[in-house]
There are 2 protein chains.
Amino acid sequence: MTSEAALLHATDSRLPLYARLRDVLTRRVAAGEWAPDRAIPAESTLADSYGVSLGTVRKALEQLVDEGLLERRQGSGTFVRRARFDQSLFRFFRLSGGGAIPASRILRREVVDAWRLPATPLGVMAGGKAIRMQRLRLWGDEPFLAEDILLPFERFAGLMDLTTDELGPLLYPVYEAVCGQIIARAEEELTVAVADEAAARLLRCPVGSPVVRIERLALAHDGTALEWRRSSGLASQFRYKVDIK
Amino acid sequence: MTSEAALLHATDSRLPLYARLRDVLTRRVAAGEWAPDRAIPAESTLADSYGVSLGTVRKALEQLVDEGLLERRQGSGTFVRRARFDQSLFRFFRLSGGGAIPASRILRREVVDAWRLPATPLGVMAGGKAIRMQRLRLWGDEPFLAEDILLPFERFAGLMDLTTDELGPLLYPVYEAVCGQIIARAEEELTVAVADEAAARLLRCPVGSPVVRIERLALAHDGTALEWRRSSGLASQFRYKVDIK
DNA sequence: AACATATAGTCTTATAGAGGACTATATGTT
DNA sequence: AACATATAGTCCTCTATAAGACTATATGTT
């Protein structure tokens, strides 16, 4: 359409055309215009809509694919990518049994005043109430990860209506199905600590043995913080591989 | 030239043209045809040489840039990228004082029979002799990393002619200048362990305190293993950030 | 010697078009 | 109902061309 074309060319910064188109499309995805796993308009359609050439569209899409926002399937279309990083655990922990998802046991679930929390993560949930969950992840009968999860109540109130059994081992799909909240990306920070009494009891290890601590802030497409969690895992199970170039 | 063009089109796999060109160029870089920081032929030249269009060359180069093999400088040329990952420490350790390189102290340097080594890394140096160095890295007067480095003697014999002072805080430039060995990439694996007596003494920490262990295998462009090292660092200084998508 | 200016060479952006490859759906046949 | 085949729609490869932007060097001027 001419309206969209005008809109694009109006953002008359010094950025090249494909970069402007990329930013425009990012905003449309962030605004939730297309649901995850849904096809966005075809390259040729976009080219027409915005009044640019096919190559320019392709270059914009290419970057968004690299960023992990989109996903292309030849012959089928270009799709909003659904983040699936519960597998991130496998990057960090050496877990026997390939591919399968470790079991979860929810130990606690409560609504708390956010401002009462020990260290409110980044002031995210300032003011309001928060849902707090404690969860244990285990491989078979062996616990290897203790999690402390914090969610802003107003967005995730629906969670409290479910039984803990209904929550299942993967939370992010539940967030989406029950609360309509979609996790787009996350920032993780790893450090090493020693197990305090609580952690030692949960992980069945001696007090003072080393644990890896993972703090994760999960964000929506538009950058608002949706979930914070701190996980403590047995350091003996920890392993991480990197390729450096 | 026609010879090169023929060579490219002869590799008549089912791979697209740009992928074949990419592989051919990879081999030329790996063969050391262009030194690091040296410009390779211009895009237009390559297009002519191989008898393909400019767009095809650009797509091939693009991938090599993404892989970290090449580097483009507008107006100037396309260059073989020099791997500079001594900064990888900063990804893993929270070091006060931004940017500066931590000091090094070489504690030991000797030639050993490779087959005598406790766990010959990947059987790399099988048979021959090896250079073994022990090094301590410190921030000011604070030691934070103890390194055990292994090199195949036949390639790195020249190192034994230098004083340990001449080695300096960065080894890879020395490898290149003195021995002509260029590190292209590396594989690292991180685990958590507890300090044994030797490590505790070096790092000035109690025996049994948690340490992060980094095992690195550094490789040449053609994939031959050039250096293996195991570093142990104070876990209290360890921190690693990731963005997940 | 210092500074401005031109110039050649390089990568970058953008366009247009043609044919191929792949996928999902519709259609027809058995 | 099951299976093959056609078809439309999508992304993918490759070509060709033109003008812009940036860098380094050469040249000229002061």
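In the text below, chain A, chain B and the rest are named by the order of the sequence lines, each starting its count at 1.
Nucleotide dA26(D) forms a pair with dT5(C), judged by Watson-Crick or G-U wobble geometry with both contacts under 3.5 Å. Using the Watson-Crick or G-U wobble rule with both distances under 3.5 Å, dG19(C) pairs with dC12(D). Of all nucleotides present, only dT10(C) satisfies the Watson-Crick or G-U wobble test against dA21(D), with each distance under 3.5 Å.
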> Passes salt bridge (charged side-chain N to carboxylate O under 4.0 Å, His left out), Arg81(A) versus Glu67(A)? Steps please.
Replying inline: CA-CA 10 Å; Arg81(A) 185 166 158 278; Glu67(A) 283 177 26; over 6 Å; no

>> Assess the residue pair Arg105(A) and Glu147(A) against the criterion (salt bridge (charged side-chain N to carboxylate O under 4.0 Å, His left out)); give the C-alpha distance rounded to whole Å, side-chain angles, the decisive distance to 0.1 Å, and a yes or no.
In response: CA-CA 10 Å; Arg105(A) 190 181 303 156; Glu147(A) 295 185 308; over 6 Å; no

> Should Glu187(A) and Lys241(B) be marked as a salt bridge (charged side-chain N to carboxylate O under 4.0 Å, His left out) after you check the CA-CA gap, both sets of side-chain angles, and the distance that decides it?
Replying inline: CA-CA 7 Å; Glu187(A) 299 164 1; Lys241(B) 289 187 177 187; over 6 Å; no

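When rounded to the nearest whole Å, the span between OH of Tyr18(B) and C1' of dA21(C) equals 13 Å. Atom P of nucleotide dA14(C) and atom OH of Tyr50(A) are separated by 16 Å, given to the nearest angstrom. Across the protein-nucleic acid pair, Glu43(A) atom CD and dC22(C) atom C1' stand 13 Å apart, rounded to whole Å. Rounded to an integer number of Å, the gap from Asp48(A) CG to dA16(C) C1' is 13 Å.
Centroid-to-centroid, the aromatic rings of Tyr240(A) and Tyr240(B) come within less than 6.0 Å.
Residues from residues 52-69 of chain B that place a heavy atom under 4.0 Å from any atom of DNA chain C, listed by number: Arg58(B). Taken residue by residue, residues 71-82 of chain A places heavy atoms nearer than 4.0 Å to DNA chain C at Gln74(A), Gly75(A).
At most 12 heavy atoms of other shown residues, nucleotides or ligands fall within 6.0 angstrom of atom CZ in Arg38(A). Within a 6.0 Å sphere centred on CZ of Arg73(B), other residues, nucleotides and ligands contribute more than 12 heavy atoms.
Protein chain B contacts DNA chain D over a range whose 5' and 3' limits, counting nucleotides with an atom under 4.0 angstrom from a non-hydrogen atom, are dT13(D) to dT23(D).
Here Glu176(A) pairs with Arg82(A) in a salt bridge; the nearest charged N to carboxylate O distance falls below 4.0 Å.
Separating the NE2 atom in His221(B) from the CD1 atom in Ile183(B) is a distance of 10.0 Å, to the nearest 0.5 Å.
At a cut-off of 3.5 Å, with distance as the only test, a side-chain donor of Tyr175(B) or Glu227(B) sits close to an acceptor on the other residue.
Within the 3.5 Å criterion, the main-chain N or O of Glu215(A) finds no donor-acceptor partner in the side chain of Arg229(A).
Exactly one residue among Arg213(A), Arg216(A), Arg230(A) makes a salt bridge (charged side-chain N to carboxylate O under 4.0 Å, His left out) with Glu188(A). That residue is Arg216(A).
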